[in-house]
Amino acid sequence: MDFLEVLNPQQRQAVTAGPGPTLVLAGPGSGKTRVLTHRIAYLAAEKYVPAYEIMAVTFTNKAAREMALRVNTLLEPAGLSPLSGGDMSLGTFHAFCAGVIRREAELLPMTRDFVIFDDSDQESLIRQAIKDYNLDPKQIQPRRVHNAISQAKNELIGVNEFASNDYFSEVVLRIYERYQAALLANNALDFDDLLFWVVRLLRDQPEVRSRFRRRYKHLLVDEFQDTNTAQYVLLKLLAGESPDLFVVGDPDQSIYRWRGADYRNVRRFQQDYPGAKTILLEQNYRSTQTILDVAMAVINRVPDRQRKKLFTERGAGQKVVVHEAYDEYDEASYVVDTISLLTALDGVDPGDVAVMYRTNAQSRPLEEAFLRANLPYRLVGAQRFYGRREIKDIIGYLRVIHNPSDQVSLLRVLNTPSRGIGGKTVAGLLSVAERHQVEPAQVLLDLAAGPASQFAQSFDGRALNALLNFAQPFSRWVVEKEALDLVPLIDRVLEDTQYHGYIDDGTEEGAQRLENIEELRSAAYDLEGIDLTSFLERVALVSDQDTLTEALNAPTLLTLHAAKGLEFPIVMIIGMDEEMLPHRRSYDDTESMAEERRLFYVGVTRAEDRLFLVRAFRRRFAGSSDLTEPSRFLEDIPPDLLDGDATSVHTWERRTYESDTTWEPQIVSPQQPQYEAGMRVQHDAFGQGIVLGTEINFDDEEVTIEFEEHGVKHLVASLANLEVLSG
DNA sequence: TAGTCTGGGCTTTTT
DNA sequence: GCCCAGACTA
């Protein structure tokens with residue numbers, strides 16, 4: 001079959017391997033998606049495997065869509081029918097599990113109408129539980145508890161298996177219990193539950209297990225290094241005794257450990273399946289050799305890893321540019337200026353450029369610089385679309401209409417927009433519901449039915465009125481949802497709640513929020529005829545990268561995490577400073593530090609042609625402005641791969657540490673500058689230069705000097721040990 | 001009950 | 001420096 005001919009020998013070996021357990025270790029840009037898609041096509045076309053026996057899992061919807069598209073492109077010319085519709089199972093772990101739970105709901109403690117709670121829903125349940133125990137959310141941080149519960153579920157540790165050995169884990173256990181009970185009461189699942197329950201189902205129900213094994217005979221897994229324990233066990237349960245289990249991954253690109261991902265699953269796979277075939281894909285089709293060499297120089301310092309020798313036939317290409325800017329604003333200006341130059345002089349398309357950073361906060365100065373220069377940019381995912389307040393409100397309405405048990409959503413929208421239902425009234429509603437052993441939504445629906453309601457006398461006039469403000473339209477929607485399509489239903493809610501008036505405060509932000517609502521409507525419109533259940537599941541399992549991919553020819557701004565899986569002709573990584581990248585939070589743990597290294601590796605290997613590494617001499621963080629040190633990753637790169645003012649980076653450490661080790665300024669903070677433009681000065685490392693300017697910043701005097709041999713530097717007077725030669 | 005004030009905290013976020 | 005949650009006040 002000719003689609004095998006386009007593959008290199010290793011790729012072909014992978015595609016035609018087996019049947020049996022196969023592990024493909026695929027370096028960046030080595031054609032891993034190609035291997036997966038060709039493998040599927042090969043099974044279908046050469047091995048006559050019926051499509052329904054194939055299951056391919058990915059982590060993102062985008063990856064799943066792309067794969068489906070490419071498989072069909074391969075099969076169509078071969079005269080085979082495309083694997084569309086429900087034939088082949090191709091999707092994310094979570095979507096697959098959600099489907100299983102809906103189909104098998106009668107074996108599980110939830111109904112098939114369950115909703116999926118996102119992080120903020122989860123946290124509000126946890127916050128509630130903390131309050132119920134009279135604990136102080138400042139001592140017991142909801143986020144930490146949430147994290148602990150999530151980790152437990154990822155490790156398949158249910159409430160009953162959770163072992164507590166100190167105060168905190170004791171507290172977590174109690175909250176975990178309450179949290180799980182609350183989820184079930186809300187007829188809701190969190191993301192981790194989707195996997196957790198399916199594993200339980202397959203583990204405890206032999207009939208279901210063998211049914212699944214009979215059906216899914218060929219399993220393929222993308223980004224295998226990102227699987228967590230639950231996902232790994234799920235795969236093993238599905239695979240059974242004689243599995244055709246084909247996994248593709250790259251441990252060097254494992255950057256989601258903090259979400260439970262465990263690249264050691266790669267090793268575990270080799271142990272669990274001793275006969276597994278391992279294939280290494282090392283030839284890179286994306287980057288220049290220089291970029292690959294930079295990547296390897298950094299990643300090779302990660303201990304205990306299987307080395308890959310990445311190579312390309314593209315040639316060395318241009319050197320990697322290192323630039324030291326003064327501060328984050330100067331850094332942003334450098335980025336914008338450089339992009340302008342590249343587009344003006346080198347014929348680069350603005351859309352070919354990506355700017356990557358460690359933390360979302362770093363996008364701000366960049367955005368301001370682009371705005372100032374009046375240039376467009378694309379910002380990826382800083383604030384998730386479905387996480388926006390107005391979107392969550394409307395989704396909240398839809399969810400509670402769909403599933404009145406969803407108390408989290410009910411409480412969210414009950415007084416949004418405000419209709420006089422305050423804390424006291426809410427507490428009253430909850431206690432009435434509790435007393436009568438019904439759900440709060442039932443109390444509301446009953447109140448709306450008329451003054452004869454058994455609950456009416458439980459509330460004083462004002463509270464009753466306020467509750468009716470919500471309950472009356474609510475009870476109408478619950479009836480209307482059967483007859484109305486999605487978009488009219490949304491419109492009805494918007495109209496009845498006068499939501500536009502509430503959100504549109506005349507500001508720019510208000511206008512943006514209106515636009516977001518419009519976008520949600522059109523998303524609903526595009527899915528014409530979809531029922532509420534499917535719509536809500538989609539909304540929960542879809543990320544904005546999927547929805548907001550407008551083709552705008554402008555540079556892309558994104559975090560290093562968000563960059564995984566993408567590629568750009570030109571990549572600029574900013575914030576190449578200690579405490580930023582690697583991030584300060586990762587200092588006390590070698591595994592976290594290794595992950596920072598991998599994160600940088602991921603960023604570097606996104607670049608096809610050119611790479612810029614930018615750092616700032618001083619950086620504002622949490623209000624205070626501090627001097628920075630160059631990232632250790634810069635020091636790891638052989639200097640002959642670098643260009644620009646790279647040398648200053650390598651001499652920087654010497655200057656700050658060897659010339660003067662005292663960080664407390666010994667002299668009284670200079671109120672007046674000690675230097676002035678035009679002075680001739682001598683510096684230990686940089687030699688002679690002329691002062692261009694000077695500035696008092698906080699307690700330091702910062703002098704800008706043009707050195708004869710080393711160009712322009714910004715130095716801190718109290719540390720630089722400058723000798724004035726003439727003024 | 002709703003608006004204003006204050007204090008703590010501040011990485012990443014495929015689903 | 002900025003945002004969010006919870007306390008405080010009108």
Task: CZ (A/Arg264) with more than 12 external heavy atoms under 6.0 Å - done: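 Atom CZ in A/Arg264 is not crowded, with 12 or fewer foreign heavy atoms closer than 6.0 Å.
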- [ ] Would you classify B/dT11 as syn or anti? Syn applies when the glycosidic angle is within 90° of 0.
- [x]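 Here B/dT11 takes the syn form, which means its glycosidic angle is within 90° of 0.
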Without decimals, in angstroms, what is the distance between [X] [atom1] and [N] [atom2]?
X        : N      : atom1 : atom2 : answer
A/Arg597 : B/dT11 : CZ    : P     : 21 Å
A/Leu135 : C/dG6  : CG    : P     : 14 Å
A/Phe621 : C/dG1  : CZ    : P     : 14 Å
A/Ile130 : C/dG6  : CD1   : C1'   : 14 Å
A/Glu578 : B/dT11 : CD    : C1'   : 16 Å
A/Glu367 : C/dG1  : CD    : C1'   : 16 Å
A/Asp222 : B/dT15 : CG    : P     : 13 Å
A/Arg65  : B/dT15 : CZ    : C1'   : 14 Å

- [ ] Check A/Glu328, A/Glu578, A/Glu629, A/Glu331 against A/Arg619 for a salt bridge (charged side-chain N to carboxylate O under 4.0 Å, His left out) and give me the one that passes.
- [x]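 With A/Arg619 as partner, salt bridge (charged side-chain N to carboxylate O under 4.0 Å, His left out) holds for just one option, A/Glu331.
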Starting the side chain at C-beta, find the nucleotide from [options] nearest to [X].
X        : options               : answer
A/Thr60  : B/dA2, B/dT11, B/dT15 : B/dT15
A/His583 : B/dA2, B/dT11, B/dT15 : B/dT11
A/Arg364 : C/dC2, B/dT15, C/dG6  : C/dC2
A/Thr425 : B/dT15, B/dT1, B/dT11 : B/dT1
A/Gln141 : B/dT15, C/dG6, B/dC10 : B/dC10

Taking 4.0 Å as the cut-off, does a side-chain nitrogen or oxygen of [X] come that near to OP1 or OP2 on [N]?
X        : N      : answer
A/Arg127 : C/dG6  : yes
A/Asn360 : B/dT12 : yes
A/Arg419 : B/dA2  : no
A/Asn415 : B/dA2  : yes

Open item on the list: Applying side chain to side chain donor-acceptor pair (under 3.5 Å) as the test, list every pair that has at least one member in residues 91-103 of chain A; sequence neighbours left out.
Closed with: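 Residue pairs with at least one partner in residues 91-103 of chain A: A/Arg102-A/Glu537.
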Task: Any donor-acceptor N/O pair under 3.5 Å between B/dT15 base and A/Arg259 side chain - done: yes
- [ ] Indicate yes or no: at least one non-hydrogen side-chain atom of A/Phe196 is less than 4.5 angstrom from one of A/Leu156.
- [x] yes
TODO: Specify the closest pair of heavy atoms between A/Val199 and A/Ala230, including all atoms of both residues, with the distance to one decimal.
DONE: CG2-O, 3.6 Å
What does [X] touch in the nucleic acid at a heavy-atom separation under 4.0 angstrom: a base, only the sugar-phosphate, or nothing?
X        : result
A/Arg598 : nothing
A/Gln362 : nothing
A/Thr58  : nothing
A/Tyr256 : base
A/Ser586 : nothing
A/Asp226 : base
A/Arg257 : nothing

TODO: Output, in order, the C-alpha distance, side-chain angles, deciding distance and verdict of side-chain contact (heavy atoms from CB on, under 4.5 Å) for A/Glu579 and A/Thr628.
DONE: CA-CA 8 Å; A/Glu579 312 220 339; A/Thr628 64; over 6 Å; no
Open item on the list: Quick check on contacts: within residues 143-156 of chain A, what sits under 4.0 Å from DNA chain B by heavy-atom distance?
Closed with: none
Task: A/Tyr256 ring center within less than 6.0 Å of A/Phe59 ring center - done: no
Open item on the list: Does A/Arg584 qualify as a cation-pi partner of A/Phe621, given the criterion of NZ or CZ under 6.0 Å from the six-membered ring centre and within 45 degrees of its axis?
Closed with: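 The answer is yes, since A/Arg584 meets both limits relative to A/Phe621.
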- [ ] Check A/Thr227, A/Thr58, A/Leu194 against A/Phe93 for a side chain to side chain contact (heavy atoms under 4.5 Å, CB included) and give me the one that passes.
- [x]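 The passing option is A/Thr227.
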Open item on the list: With the criterion set at under 5.5 Å between ring centres and under 30 degrees between planes, would B/dT12 be stacked on A/Trp258?
Closed with: yes
Open item on the list: So is the aromatic ring of A/His94 stacked onto the base of B/dT15, judging by whether the centres are under 5.5 Å apart and the planes are under 30° apart?
Closed with: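 No; centroid distance or tilt outside limits.
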Open item on the list: Return whichever of A/Gly420 or A/Arg585 has its heavy-atom-nearest nucleotide of DNA chain B closer to the 5' end.
Closed with: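 It is A/Gly420 whose nearest nucleotide is closer to the 5' end.
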TODO: Between A/Glu596 and A/Ile421, name the one whose nearest nucleotide on DNA chain B is closer to the 5' end.
DONE: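 Mapping each residue to its closest nucleotide by heavy atoms, the 5'-most match is A/Ile421.
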